[in-house]
Protein chains: 2
Amino acid sequence: MMVMEKGIDSAFEAVPVVETGTLGKAIAVLELVSTAQTPLRFTEILALSGQPRGTLHRQLSHLVGEGLLSLGSDLRYEPGMRLLKLASNAWAKNQFRTVAEPHLKRLHDRTGETVHLGVLHGREIIYLDKVESRQAVRMNSQIGNASPVYCTGVGKAALSVLPEDRLADLVGQLSFQAYTPNTHLSAAALMDELLAVRLAGYAFDREEHESGIRCVAAPIYAQRHGVVAGVSVTGPAYRVSMEQLELWAASVCDAARAIEQEVDVRLGPGR
Amino acid sequence: MMVMEKGIDSAFEAVPVVETGTLGKAIAVLELVSTAQTPLRFTEILALSGQPRGTLHRQLSHLVGEGLLSLGSDLRYEPGMRLLKLASNAWAKNQFRTVAEPHLKRLHDRTGETVHLGVLHGREIIYLDKVESRQAVRMNSQIGNASPVYCTGVGKAALSVLPEDRLADLVGQLSFQAYTPNTHLSAAALMDELLAVRLAGYAFDREEHESGIRCVAAPIYAQRHGVVAGVSVTGPAYRVSMEQLELWAASVCDAARAIEQEVDVRLGPGR
DNA sequence: AAATCAAGTTCCATATATTGGAATAAATAA
DNA sequence: TTATTTATTCCAATATATGGAACTTGATTT
């Protein structure tokens with residue numbers, strides 16, 4: 001039943017490959033409610049989840065009892081505060097993030113643009129940290145945010161260092177969506193670009209995820225820690241030319257390599 | 001078995017009052033790992049959790065399978081990326097936060113100091129949002145962070161609007177810790193101050209949680225939504241005098257009342 | 001190398017919690 | 001009021017979790 005070697009699974013699989021029992025079903029309900037655009041009523045969840053009434057009712061009451069969901073007086077379920085608390089802990093103590101932090105700052109000092117740190121989780125990139133020029137818009141909006149691998153700089157950088165078989169697996173499971181006119185829409189197109197990324201050692205996002213936003217990213221492969229990740233420098237197209245990004249590529253790669261090394265030193269042999 | 005009226009439970013109880021079955025036990029393990037200062041090995045968790053070996057092993061494997069924990073190649077368990085993703089969704093879509101946001105910004109514009117929005121969850125305050133002057137230090141550190149009710153401005157403000165019986169319950173369960181020389185250390189002392197807070201309509205934090213940090217806070221009681229919360233303006237003692245805070249109190253109260261009203265309008269009758 | 005020890009994993013009969021259909025109750029509308 | 005939708009509770013059947021013990025694995029010592 002355990003099909004993967006232990007340890008390095010986290011970066012590759014989000015959807016359970018192992019049995020997760022009743023917990024898995026409960027978390028599926030949690031995800032459903034937490035992904036919904038607006039608080040849901042019992043019947044709506046019933047329809048979406050496909051669970052039997054009695055079962056769903058108990059699952060929800062358990063989730064509410066744990067503070068993972070909250071039930072308003074209007075009988076609508078929405079994500080609970082405990083999720084924030086758990087995640088806050090997770091984020092604050094994350095060793096990979098802690099190690100990377102100063103390097104992100106330095107990269108930001110050099111470029112003056114927004115720096116992202118994202119890790120590969122299943123078929124998505126989850127942003128772990130961000131250093132922003134000024135607090136222009138919402139500052140936290142990005143952290144914990146999940147974005148597609150195939151149209152973000154960090155995503156393509158991360159993919160470029162995956163072992164061949166893992167990559168094939170993952171790309172096979174992707175479904176492509178045209179966020180902008182520049183978004184890659186086929187596995188073939190993506191694989192083609194990954195070839196170029198592997199040669200250069202860094203990846204661009206040429207307004208593929210969001211019009212008017214481009215970035216340059218470099219991969220971080222912390223094998224021992226089972227982390228496949230990436231750093232990027234992002235900016236608005238009107239201010240940051242592709243030539244500029246090209247010039248920054250070296251710095252981004254430096255930062256990535258520095259993080260990689262420090263992670264290996266700090267979390268590697270010692271642990 | 002259900003002892004509380006439905007709907008308004010979320011703000012008052014964090015620890016399960018209802019049975020939460022196997023989910024509860026799994027989440028307890030998750031919390032344990034996620035609260036630890038450093039990634040834990042199986043045996044350490046075994047000792048801390050008090051569960052039998054076989055049981056714990058399965059719980060952990062389910063949590064890992066769901067991406068809530070991750071297991072490194074060094075056989076240490078640490079919080080998984082999925083927590084961040086779930087929380088990010090929860091935060092981004094939180095209606096209370098969304099409604100409050102512009103009011104927080106306005107309050108920040110008026111005062112120039114850091115503005116916090118925190119909600120009462122069980123015996124703690126969980127920070128839901130923050131508007132900061134400049135990105136001095138870590139900007140995200142505060143969101144999702146849990147702080148004691150008895151020594152934060154937001155905490156005392158929130159307590160001041162709780163119904164008598166709920167308040168008694170909650171205060172009875174507190175255990176006090178001296179974060180600074182100014183921290184209240186007894187239920188009596190806290191209740192005394194709450195009396196004053198109720199009269200004034202706002203609360204101070206006189207360097208009770210962190211030396212050199214003071215704030216003024218006002219309560220938000222969104223009954224319909226089952227939310228007890230608070231807004232605050234926080235600053236370093238060297239720059240912000242108590243007199244200054246006193247002057248800001250009116251603005252803070254205005255913001256709180258505005259949020260209260262808008263929540264009632266937007267989430268109240270319509271839903 | 002072999003032996004020892006510690007840490008992690010699997011096994012399986014038993015106990016228990018989950019399951020899910022159906023009945024009930026509560027809220028809302030006609 | 002009655003009708004109707006929606007939420008909650010009930011309970012026998014069943015699947016899942018439980019937990020002690022056996023087993024593996026890997027490191028350390030003799």
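Below, chains carry the letters A, B, ... as their sequence lines are ordered, and counting in each starts from 1. What you see is a predicted model, and the numbers here were worked out from it, not measured in a lab. Excluded from the calculations below are hydrogen atoms, water molecules and symmetry mates; all remaining heavy atoms, backbone and side chain alike, are included.
Rounded to a whole Å, the CG atom of B:D74 is 15 Å from the C1' atom of D:dA27. In this entry the distance linking CG of B:L63 with C1' of D:dA17 reads 14 Å, nearest Å. Atom pair B:Q51:CD and C:dT16:P shows a separation of 15 Å (rounding to whole Å applied). Across the protein-nucleic acid pair, B:L46 atom CG and D:dG20 atom P stand 11 Å apart, rounded to whole Å. Rounded to whole angstrom, the span from the NE2 atom of A:H57 across to the C1' atom of D:dC10 amounts to 12 Å. Rounded to whole Å, the distance from CD on A:E44 to C1' on D:dT5 is 14 Å. To the nearest angstrom, C1' of D:dA17 lies 8 Å from NZ of B:K25. Rounded to an integer number of Å, the gap from B:L56 CG to C:dA7 C1' is 13 Å.
With D:dT18, C:dT10, C:dG20 as the choices, the nucleotide that has an atom nearest any side-chain atom of B:T55 turns out to be D:dT18. Distance from the side chain of B:P52 is smallest for D:dG19 among the nucleotides C:dT9, C:dT19, D:dG19. Among the nucleotides C:dG21, C:dT9, D:dA17, the one closest to any side-chain atom of B:R58 is D:dA17.
The residue A:G21 sits close only to the backbone: its heavy atoms come under 4.0 Å of sugar-phosphate atoms, none of a base. Contacts of B:T22 with the nucleic acid, taken as non-hydrogen atoms under 4.0 Å apart, involve only primed sugar atoms and P, OP1 or OP2.
Put simply, B:R41 has no side-chain N or O that comes within less than 4.0 Å of OP1 or OP2 on C:dA7.
In the model, B:K93 has a side-chain atom that pairs as donor or acceptor with a side-chain atom of B:N89 under 3.5 Å. When only modelled atom types and interatomic distance are considered, B:T152 and B:S147 share no side-chain donor-acceptor pair under 3.5 Å. A side-chain donor from one of A:H103 and A:E262 sits under 3.5 Å from a side-chain acceptor of the other. Side chains of A:Q51 and A:H57: no donor on one and acceptor on the other come within 3.5 Å.
Nearest heavy-atom pair across B:A157 and B:V197 is CA-CG1, 4.4 Å.
Position along DNA chain D of the nearest nucleotide to A:F42 versus A:L23 favours A:F42 as the more 5'-ward residue.
On a pure distance criterion of 3.5 Å, a polar donor-acceptor pair joins the side chain of B:R53 and the base of C:dT9.
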